[in-house]
Amino acid sequence: QVNLEQLERIHRQQKPGHLIGSAVRLGALSAGEQGRKALPTLDRYAESIGLAFQVRMTFWMWWAILQIGKRQGADQQLGKKTYPALLGLEQAQRKARDLIDDARQSQNVLAAQSLDTSALEALADYIIQRDK
C-alpha cells in the first residue's frame with residue numbers, strides 16, 4: 001500500500017520533476033552569477049512544477065484510458081496508485097492548482113529580483129491549462 005506521502009516522494013525523486021529540475025538548474029547555471037544565486041528559489045519552483053506535472057499527467061492518462069477503452073479500475077487491480085485514487089478527482093485537481101501556485105510564488109520572488117521569468121510562467125500555464 002502506498003500513501004500520499006510515499007507517492008509524492010516517488011514522484012519527487014524518480015519522475016519528470018528531476019528532468020524539469022535539471023533543465024531549470026542548467027539554465028540558471030548558464031546565466032552566470034545571478035542565476036547561481038537564484039538556484040534555491042529555482043529548485044523550489046522546479047520541485048513544485050514537477051509534482052504538478054505528475055498530478056496533471058494522471059488526468060491525461062485517465063483521458064487516454066477512456067479513449068482506448070482500457071478496463072476501468074485496472075490500475076487499482078494492478079496495485080498502481082494515482083493521485084485520483086488516493087485523493088479523488090476534485091482533490092487531485094486542487095492539489096495540482098496548489099502546486100502551480102507554489103511554483104508561481106517562487107517565480108514571483110525571482111521576478112522581484114528583476115529576473116526574466118517568462119519561460120517559467122509559460123511552463124506553469126502550460127501544465128495547469130493542458131487538458132490532454
* Results of ring-ring contact (aromatic ring centres under 6.0 Å, His included) for Tyr45 - residues two or more places apart only -> none

[X] to [Y] - nearest heavy-atom pair and separation:
| X | Y | value |
| --- | --- | --- |
| Ala52 | Ala96 | CB-O, 4.0 Å |
| Arg56 | Ile127 | NE-O, 3.3 Å |
| Leu110 | Ala38 | CD2-CB, 3.5 Å |
| Ala124 | Ile100 | O-CD1, 3.8 Å |
| Ser48 | Asp102 | OG-CB, 3.5 Å |

How many angstroms lie between atom [atom1] of [X] and atom [atom2] of [Y], to the nearest 0.5 angstrom?
| X | Y | atom1 | atom2 | answer |
| --- | --- | --- | --- | --- |
| Asp101 | Gln107 | CG | CD | 11.0 Å |
| Asp98 | Leu51 | CG | CG | 11.0 Å |
| Asn108 | Thr41 | CG | OG1 | 11.5 Å |

* In sequence, state the C-alpha distance, the side-chain angles, and the governing distance for Tyr83 and Glu8, and then conclude on side-chain contact (heavy atoms from CB on, under 4.5 Å). => CA-CA 9 Å; Tyr83 287 94; Glu8 285 185 4; 3.6 Å; yes

Going only through I, L, V, M, F, W and Y residues with side-chain contacts under 4.5 Å, is there a path from [X] to [Y]?
| X | Y | result |
| --- | --- | --- |
| Val24 | Leu29 | no |
| Leu42 | Tyr126 | yes |
| Val109 | Leu123 | no |
| Leu26 | Leu19 | no |

* Pairs where residues 20-49 contributes a residue and the test salt bridge (charged side-chain N to carboxylate O under 4.0 Å, His left out) is met, not counting sequence neighbours -> Arg12-Glu47, Arg25-Asp43, Glu33-Arg36

* **Partners passing side chain to side chain donor-acceptor pair (under 3.5 Å) against Glu5 (at least two apart in sequence or in another chain)** => none

